[in-house]
2 protein chains.
Amino acid sequence: MRLLIVEDNVELSKLVASGLSAAGYESDIVGSTAEAREAVHNVSYAAMILDLGLPDGDGLSVLRELRRQMEPLPVLVLTARGGVQDRVNGLRSGADDYLAKPFAMEELVARLEAILRRPGQLLGRSLHLANLVYDTESRQIFIDDKPRIISSRETSVLEILLRRQGRVVPKKNVEDHIFGLDGEVASNAVEVYVSRLRKQLAEHGAKVVIHTIRGVGYMMAEEK
Amino acid sequence: MRLLIVEDNVELSKLVASGLSAAGYESDIVGSTAEAREAVHNVSYAAMILDLGLPDGDGLSVLRELRRQMEPLPVLVLTARGGVQDRVNGLRSGADDYLAKPFAMEELVARLEAILRRPGQLLGRSLHLANLVYDTESRQIFIDDKPRIISSRETSVLEILLRRQGRVVPKKNVEDHIFGLDGEVASNAVEVYVSRLRKQLAEHGAKVVIHTIRGVGYMMAEEK
DNA sequence: GTCCATCTGTCAGGTTCATGTAAGCCCGAG
DNA sequence: CTCGGGCTTACATGAACCTGACAGATGGAC
């Protein structure tokens, strides 16, 4: 399995490469956004490890470009900046995970393998669809890179539909996901949440649709 | 996907049916070997769950008869008798698996799905034809890898035609597959479904055709 | 504490849509 | 050409679904 390391600090990049090699991964190293763009277009990598502070620009621009092209390549962002704002920026731009320097090699490998192993988007920290990004940890929603607030219940519905995007999610599953085992609902609560979610997504200009499959459930997909 | 439950204990059979329903399978229930024979001959089931202690004879006789006719229907034997000898008898008679009462519903579903998924059987998890993919578990249709929604009845027709792609499926079989034992149709319902299915497949750009064989039934094949 | 805003679950009325039936046309076989 | 099966469209029906409204719950500001 081949990885792309985008990092301008030569010592660090070699260290990472050798650590990954020990874990059984081959890797290519580039040191600028320009080289990164080229490499990604020419080679099919299993994942990218991306540093943000690069000599010729911000690594996030590479990431955003990838996502705009609907490229699902898993990306692990790696940077010295560890503040909350940077973390949010990374995820908002479409990163799958985020690691602040200094870090332990084991953690890098563990997180990398987590994003490689995840089936579809079932386990990812961050979920994407069209211009919609959802951070599963902070439960934050971004549309066109702008944070949007929607209420808790609707967020839960969004999450489960997003995790199974392009697949039908039975209404019962949605209900279970929201209420867990204990709470029972004696009404059409799920329908109401879906209705409210649709409305809010539309208001915020999200380019996604929630299809209704009568007698079964719902399916979220990209618009058109 | 439709299953046949052969079980004379009404409570148990209902329990099993509801458990299977939760797992996404429809089922018909019969309570004797005579009814079982009739049902199997009239309807095309995905699998049979067979109890051995029946009021009018041994369930194994039904199974042996099926196998003598080279009928590949997957059979899961379910019985109070849990001894090794019984297990051997069941398997020797052509059962695909064996489950002793009392059992956990999860185990029944797991074993059932194991035999349904088994290669070489009529049934796999997903069926392909040209640019059309059908997932038998979620009953989802993909054309050119994009999920497509068509309604329940049309999906059932598609499923049986796909399972026997390249072969003629008698109209009566299609009808049985959709309605099972109980429902009787007093019209040209099947023709209507086929018509609707053709239309929708065309709209979605599926490269498949449904040929009509006059006086017999239908056959699905790749376009051109 | 009070006030206000928002969130939540329920309900009811209206709407949409899958479904089965029927009717008329089409078309292939003979 | 005739006959009969097949195709397609139209339509009625009821179930499934949508959505606006409402009232209680919650929680933050003061």
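Proteins come first, then strands; the chains are lettered A, B, ... in the order of their sequence lines, and each starts at number 1.
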* **Nearest-Å distance for atom pair CD/C1', residues A/Glu175 and C/dT8** =>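 Distance check: A/Glu175 CD to C/dT8 C1' gives 15 Å.
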
* Asked: Rounded to the nearest Å, what distance is computed from the CD atom of residue A/Glu191 to the P atom of nucleotide C/dC11?
  ->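 From A/Glu191 CD to C/dC11 P: 13 Å.
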
* Between the side chains of B/Tyr134 and B/Gln140, does any donor sit under 3.5 Å from an acceptor? ->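 No, because no side-chain N or O of B/Tyr134 sits under 3.5 Å from a partner of the opposite role on B/Gln140.
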
* Not counting sequence neighbours, list each pair that qualifies as a side chain to side chain donor-acceptor pair (under 3.5 Å) and has a residue in residues 199-213 of chain B. =>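 Residue pairs with at least one partner in residues 199-213 of chain B: B/Glu154-B/Gln200, B/Arg198-B/Thr212.
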
With sequence neighbours excluded, residues passing side chain to side chain contact (heavy atoms under 4.5 Å, CB included) with [X]:
X: B/Ala17; value: B/Ile5, B/Ser27, B/Ile29
X: B/Glu191; value: B/Lys171, B/Asn188, B/Tyr218
X: B/Thr33; value: B/Arg37, B/Leu54, B/Asp56, B/Val62
X: A/Arg214; value: none

* To do: Sequence neighbours left out, what passes side chain to side chain donor-acceptor pair (under 3.5 Å) with A/Asn173? Give chain and number order.
  =>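 Not a single residue meets the side chain to side chain donor-acceptor pair (under 3.5 Å) criterion with A/Asn173.
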
* Return the set of residues passing side chain to side chain donor-acceptor pair (under 3.5 Å) with B/Ser32 (not counting sequence neighbours), or none when no residue passes. =>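 Side chain to side chain donor-acceptor pair (under 3.5 Å) check on B/Ser32 returns B/Glu35.
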
Distances for protein N or O near nucleotides 14-19 of chain C N or O, under 3.5 Å:
{"unit_1": "C/dT16", "atom_1": "O2", "unit_2": "A/Arg214", "atom_2": "NH2", "d": "2.5"}
{"unit_1": "C/dC17", "atom_1": "O4'", "unit_2": "A/Arg214", "atom_2": "NE", "d": "3.4"}
{"unit_1": "C/dC17", "atom_1": "O4'", "unit_2": "A/Arg214", "atom_2": "NH2", "d": "3.4"}
{"unit_1": "C/dT19", "atom_1": "OP2", "unit_2": "B/Ser151", "atom_2": "OG", "d": "2.9"}
{"unit_1": "C/dT19", "atom_1": "OP2", "unit_2": "B/Arg153", "atom_2": "N", "d": "3.4"}

* Asked: Taking 5' to 3' order, which nucleotide of DNA chain D is first and which is last to have an atom within less than 4.0 Å of a heavy atom in chain A?
  ->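 With heavy atoms of chain A under 4.0 Å away, the range is D/dA15 to D/dA21.
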
* To do: Would you mind classifying the nucleic acid contact of A/Val192 as base, sugar-phosphate or nothing, using non-hydrogen atoms under 4.0 angstrom?
  =>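 Result for A/Val192 = base.
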
